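The block underneath contains the structure these notes are about, expressed in structure tokens.
What you see is a predicted model, and the numbers here were worked out from it, not measured in a lab. Excluded from the calculations below are hydrogen atoms, water molecules and symmetry mates; all remaining heavy atoms, backbone and side chain alike, are included.
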Amino acid sequence: QVQLVESGGGLVQAGGSLRLSCAASGFSVMSYAMGWFRQAPGKEREFVATIRRSGGDRYYTDSVKGRFTISRDNAKNTVYLQMDSLKPEDTAVYYCGSGSYSQLVRDYDYWGQGTQVTVSS
């Protein structure tokens, strides 16, 4: 049974940091590209970052470049999103997904339940 479980969200002040984790079970994170997306209230789910299954390539949306880092620990079968210099506009529910190396929601087959990130000004 494929399952993705996100954790690490919370409330942080602007300028602070959080590290999100996405623990996978039922499959290996080396078998698929993994991505992070976010969804703010009243908005559509949007792409944040993705990492190839080989781990060699990473891609970020422009608004998080230089602040967020996606990584993967194959031994723990877990994907991470290190978020630094957080801004209020980063506030959203963050989701991880497994699928193709893509910025499109439709290219991801499995999703976690999400973790809330709230950045106060």
Side-chain angles (χ1 to χ4, degrees):
Q1 180 182 357
V2 173
Q3 191 172 17
L4 297 170
V5 179
E6 301 98 333
S7 62
L11 174 64
V12 64
Q13 289 188 333
S17 297
L18 285 173
R19 188 177 79 156
L20 305 184
S21 300
C22 172
S25 59
F27 75 103
S28 169
V29 295
M30 292 187 292
S31 299
Y32 299 93
M34 300 295 294
W36 284 98
F37 288 71
R38 64 188 179 187
Q39 188 166 16
K43 295 187 177 181
E44 293 186 351
R45 191 170 298 190
E46 66 173 6
F47 168 77
V48 176
T50 184
I51 184 168
R52 283 193 189 277
R53 63 177 185 173
S54 67
D57 292 325
R58 297 164 172 84
Y59 189 76
Y60 302 90
T61 192
D62 285 347
S63 63
V64 308
K65 285 180 181 176
R67 300 190 298 122
F68 290 12
T69 303
I70 188 171
S71 63
R72 194 178 67 203
D73 186 329
N74 295 333
K76 295 183 178 180
N77 214 30
T78 299
V79 178
Y80 302 98
L81 186 68
Q82 177 67 41
M83 306 187 296
D84 299 317
S85 302
L86 282 161
K87 303 176 181 180
E89 51 263 44
D90 295 318
T91 295
V93 178
Y94 283 70
Y95 298 89
C96 72
S98 63
S100 301
Y101 185 68
S102 169
Q103 302 174 58
L104 302 178
V105 172
R106 67 171 181 258
D107 289 332
Y108 290 79
D109 302 310
Y110 297 100
W111 295 92
Q113 84 290 347
T115 186
Q116 176 71 47
V117 171
T118 303
V119 184
S120 63
S121 58

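In this structure, a donor-acceptor pair under 3.5 Å is present between the side chains of Tyr94 and Arg38.
Of the inter-residue distances, the one linking Met34 atom CE with Ser71 atom OG reads 11.5 Å to the nearest 0.5 angstrom. Atom OG1 in Thr91 sits 7.5 Å away from atom CD in Gln116 (nearest 0.5 Å). Distance OG1/Thr50 to CG/Asp107: 9.5 Å, rounded to 0.5 Å. We find the NZ-OG distance between Lys87 and Ser121 to be 14.0 Å, quoted to the nearest 0.5 Å. Distance check, rounded to the nearest 0.5 Å: CZ of Arg58 to CD1 of Ile70 gives 8.0 Å.
A heavy-atom distance below 4.5 Å is found between the side chains of Gln82 and Ser17. Between Val79 and Trp36 the shortest side-chain heavy-atom distance falls below 4.5 Å.
No continuous path of ILVMFWY side-chain contacts below 4.5 Å connects Val119 to Tyr95, so the two sit in separate hydrophobic clusters. Hydrophobic cluster membership is shared by Ile51 and Phe27, with clusters built from Ile, Leu, Val, Met, Phe, Trp and Tyr side chains linked at under 4.5 angstrom. Neither Tyr101 nor Val64 shares a network with the other; the hydrophobic side chains, linked directly or stepwise wherever heavy atoms of I, L, V, M, F, W or Y lie under 4.5 Å apart, form separate groups for each.
A pairwise comparison of heavy atoms in Gly9 and Thr115 identifies N-OG1, 3.1 Å as the closest pair. Listed here is the closest heavy atom pair of Cys22 and Leu4: SG-CD2, 3.8 Å.
Not less than 6.0 angstrom separates the ring centroid of Phe68 from the ring centroid of Tyr60. Between Phe37 and Trp111, a ring centre-to-centre spacing shorter than 6.0 Å is recorded.
Checking side-chain atoms of Ser100 against main-chain N and O of Ser102 turns up no donor-acceptor pair under 3.5 Å. Of the possible polar contacts, one joining the Glu6 side chain to the Gly114 backbone as a donor-acceptor pair under 3.5 Å is found. The backbone N or O of Val5 lies less than 3.5 Å from no partner atom in the side chain of Gln113, so there is not a single donor-acceptor pair. With hydrogens and angles ignored, the 3.5 Å screen pairs a side-chain donor or acceptor of Arg72 with a backbone N or O of Arg52. With Asn77 contributing its side chain and Ala24 its backbone, the two residues share a donor-acceptor pair below 3.5 Å.
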In sequence, state the C-alpha distance, the side-chain angles, and the governing distance for Leu20 and Val117, and then conclude on side chain to side chain contact (heavy atoms under 4.5 Å, CB included). CA-CA 9 Å; Leu20 305 184; Val117 171; 4.0 Å; yes
Dump the intermediate steps for side chain to side chain contact (heavy atoms under 4.5 Å, CB included) on Val105 and Glu44, then the final yes or no. CA-CA 10 Å; Val105 172; Glu44 293 186 351; over 6 Å; no
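Other residues, nucleotides and ligands place more than 12 heavy atoms under 6.0 Å from the OH atom of Tyr80. Atom CZ of Arg53 is surrounded by 12 or fewer heavy atoms from other residues, nucleotides or ligands within 6.0 Å.
Salt-bridge check for Lys65 with Asp62: passed, with a basic side-chain N closer than 4.0 Å to an acidic carboxylate O.
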